[in-house]
Amino acid sequence: MLTITAEEATKDYDVIIVGSGAGGGQMAFTLTLASIKCLMLEAGRVYDPVVETPMFQRRDQAPLLGNSTPDKEFGFHDATIDGGWQMEAEPYTQASDKPEEQFWWWRARMLGGRTNHWGRISLRNGPYDFKPKSRDGLGLDWPIDYHEIEAYYTRVEQLIGVYGSNEGLENTPDSPDGVLQPPPKGRAGELLAQKHGKTLGIPIIPIHRAVLTQKLDADRLPAKLFPGNAWAQKIVGDSMRARAACFWATPCGRGCSTGANYQSTTVHLPPALATGNLDIVANAHVREVLLGADGKASGVLFIDKTTGKDVQVNAKAVVLAASSGETVRIMLNSKSTLFPDGIANGSGLVGKYIMDTVGTSLQGQIPALENLPPYNEDGAGGSHFYAPWWLYRQAEKLGFPRGYHIEMGATRGMPGGGNPLPDDLGAGAYGARYKQEARRYYGSFMGFACRGEMIPNDNCFAELDDTVKDKWGVPVLKWHWKWAEHEQRMCDHAEQTFRELIETMGGTVRSATTGRNRIDPGGKIIHEVGGAIMGSDRSTSVCNGYNQTWEVKNLFLVDGTPFPSNADKNPTLTIMALAWRAGDYLVDQSNKGLL
Amino acid sequence: MSHDFQEPESLSATPIIVNQAPRLPRRTVVKWFVAVAATLQLGDAHVFGAEPVPGVPPVLATGYGSDPLLNRTYNPGDSWPLTLSRIQRVAAIALADVILPADNLGPAASEVRVIDFVDEWVSAPYPAQLLDRNIVLPGLDWLDAEATGRFGRVFAALALEQQQTICDDICFEQRATDEFKAGARFFSRFRSLCAAAYYATPEGWEAIGYVGNQPSLTYDGPPDEVLTRLGVEQTVMHR
């Protein structure tokens, strides 16, 4: 992956993009194909999945059998490098000593960011999800509705490739015919859960994930995405042809050297670079967005981590896509006479209304899945089925207003690295009996996880820490966190549902239930959104419905920061759809001379 | 991020620096091991701090860092030095083969170098592994002391029936008498580590019934035999 050095980034660019993940990658793709000259700044090192991904590596070929360590917190083969919950060079602080009031902040300092290891779950928000306050009076509405973003969801799905099915379920949008890739076949546990879910009224259906189950139609799709633009069609078509279909092995969390799943580094950045309109500087740790005398963003000041020196780059517009927390930090650190509390922060709302996904899980052991004859269940390197929220009509009875979807892990996946036979089931087995029992139970454990909507609240926000600075002297974030009763009740319901599902499948619950602490810590699901929300009024929001800050017209936020709500749907697809739309708007406004 | 729902084998925790501990006579080690293990939930990083244990040499190595080369093959000893003593290794190999012997499902633990992985594990400079080091090293010392006390020879020199006599006393913590509770906790952890290594190998895959990690043009899902046994139908039909 081609990058330039900080010293080479001297020319004046049209747009500087901070961050190279889902939002930054999409923005670079959209703008460079519109012939806009872009400079992308990435805080981590350059990373190329084509040559760096551990494909087919076994656990016995990794240190500690691939298990997680403080250096590699999702395990050795996980794609994330130079990142994790804790990074020595970039600390963050907590306002409270109580674990339940702390936020876990995951960072990935590498080209492509978190998209290199993400779960690839790509769910559209539904119509309800943009108007939650109008429906139940809680939280905040978006200034846009589903119909304004629908076409962009379709475009993103066509570009990145998403498998799934159209089921016509409430607030679970179908894609137009022919857009989704065929879903992979169900695994044994998923099919068993589907069958028994029906008796409980839980619809278990193919999930949507950004994995190619067949090659993208490179002859047809570019013309749909860029009608009348042969140059863009050629670049996008070539990029699509370079991606292979999934070969049904190697977990997606490692990334994919053949480009069979979406990550910014194999899908967004190669065509953007091929336009000749993108320069990328890696190891660029942004200190602040600079403000010109005209009240517009004039450029960015960053630390070149390879030399430790500050470097200034200039552009006609600035796009922040650094992740909710990091974008908030950059904005709050960008102080000026005009904006003493941080750029575009006249409302005082930068850092406010940060959300994560509500997470809890329960494990079961299912006797029906014991002693199955061996067969390959690797599949698409992640889940094939899930259950979208199914109780929209019962919100009032449930005692919590919003929904969750159920993700499930049911697989005879690659073993090793852990004990396959829990002591209580083995009952002291060793010798040949241990091996027989391990084989019997292998593949009979299933996990169910709640991924639910959190309603933004006044207790969840980030601000600058007055005293602590990172390795380069930049003030760090201090996190405030408190789940509300809504989220706690959702987890109570989810746990009860999972128990019923496991027992209906003839199984027994394995993991201990933990009462009121069953909710995962804030940030643990790594769906941090909000912090500079969009709205229809400049006094109650930071940006408008085009991700454009109200107060600085040429400053756009295209990561999760503008989300005024966090539906149960995983945010990445929505981040990309909004970024594409914001990119089109930026081009349009620029052409009209309005930036 | 969508998580894998299998619980991790060892929890990560805040790094703890292990100080140099004085060398103590073996019987003191065994007494300490029994006393401490009896009162603590071994292997639980939240409960059991990696305090220096008498007789357990400190780990001085550093970890592999946040940006190791991912797409290469590592062997035990590549990332940090292995530290089990020769005597401990002999005991460990013998015990691992009692736990995972050669049989119709596959080779013995020693044939797939299980103890190399266990040695790598207990020699690692990370918090969770340091906890295990403080269980496994004293445990192996205790095993030889117990074998010598009962049969006059170290564990590895015993006949299989004699080895099994000791294992029967410590193989299941819930059934172990007070005298053997600590030994049972060591055995549980050691069995877990051996199995973690064994089933990470291709031979272990075959033993447990895993088929995969190989490229394929299609994903066919469960075979008809499995669907029939479960009483389900494949509901995704078009591939």
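- When side chains are defined from C-beta on, A/L372 counts as touching B/R229, because their heavy atoms get closer than 4.5 Å.
- If you tally non-hydrogen atom pairs under 4.5 Å between each of B/N213, B/L100, B/I170 and chain A, the highest count goes to B/N213.
- Taking chain A as the reference chain and counting heavy-atom pairs below 4.5 Å, the highest number among B/V232, B/L230, B/D67 is found for B/D67.
- Using a 4.5 Å cut-off between heavy atoms, B/D168 contacts chain A through both its backbone and its side chain.
- Contact of B/A124 with chain A is made through the side chain alone, with heavy-atom distances under 4.5 Å.
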side-chain hydrogen bond (donor to acceptor under 3.5 Å, both in side chains) between A/T69 and B/Y64, intermediate numbers included
CA-CA 10 Å; A/T69 67; B/Y64 48 63; 2.9 Å; yes
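- Of the two parts of B/E225, only the side chain, counted from C-beta on, holds a non-hydrogen atom closer than 4.5 Å to a non-hydrogen atom of chain A.
- Options B/D78, B/I208, B/T235 differ in how many heavy-atom pairs under 4.5 Å they form with chain A, and the most are formed by B/I208.
- Taking the six-membered ring for Trp and the full ring otherwise, the centers of B/F186 and B/F190 sit less than 6.0 Å from each other.
- Taking the six-membered ring where tryptophan is involved, the planes of A/W85 and A/W106 are perpendicular, since the angle between them exceeds 60° and thus also 30°.
- Contact of B/L227 with chain A is made through the side chain alone, with heavy-atom distances under 4.5 Å.
- Just one residue in the list B/K181, B/R150, B/R175 forms a salt bridge (Lys or Arg N to Asp or Glu O under 4.0 Å) with B/D169, and that residue is B/R150.
- Of the listed residues (B/D97, B/V98, B/V226, B/L70), the greatest number of heavy-atom pairs within a distance under 4.5 Å of chain A belongs to B/L70.
- Proximity to chain A (any heavy atom under 4.5 Å) is restricted, for B/E233, to the backbone atoms N, CA, C and O.
- Within the 4.5 angstrom heavy-atom criterion, only side-chain atoms of B/R113, from C-beta onward, approach chain A.
- Annotation: B/Y199 is not in aromatic contact with B/Y210 [ring centroid separation under 6.0 Å not met].
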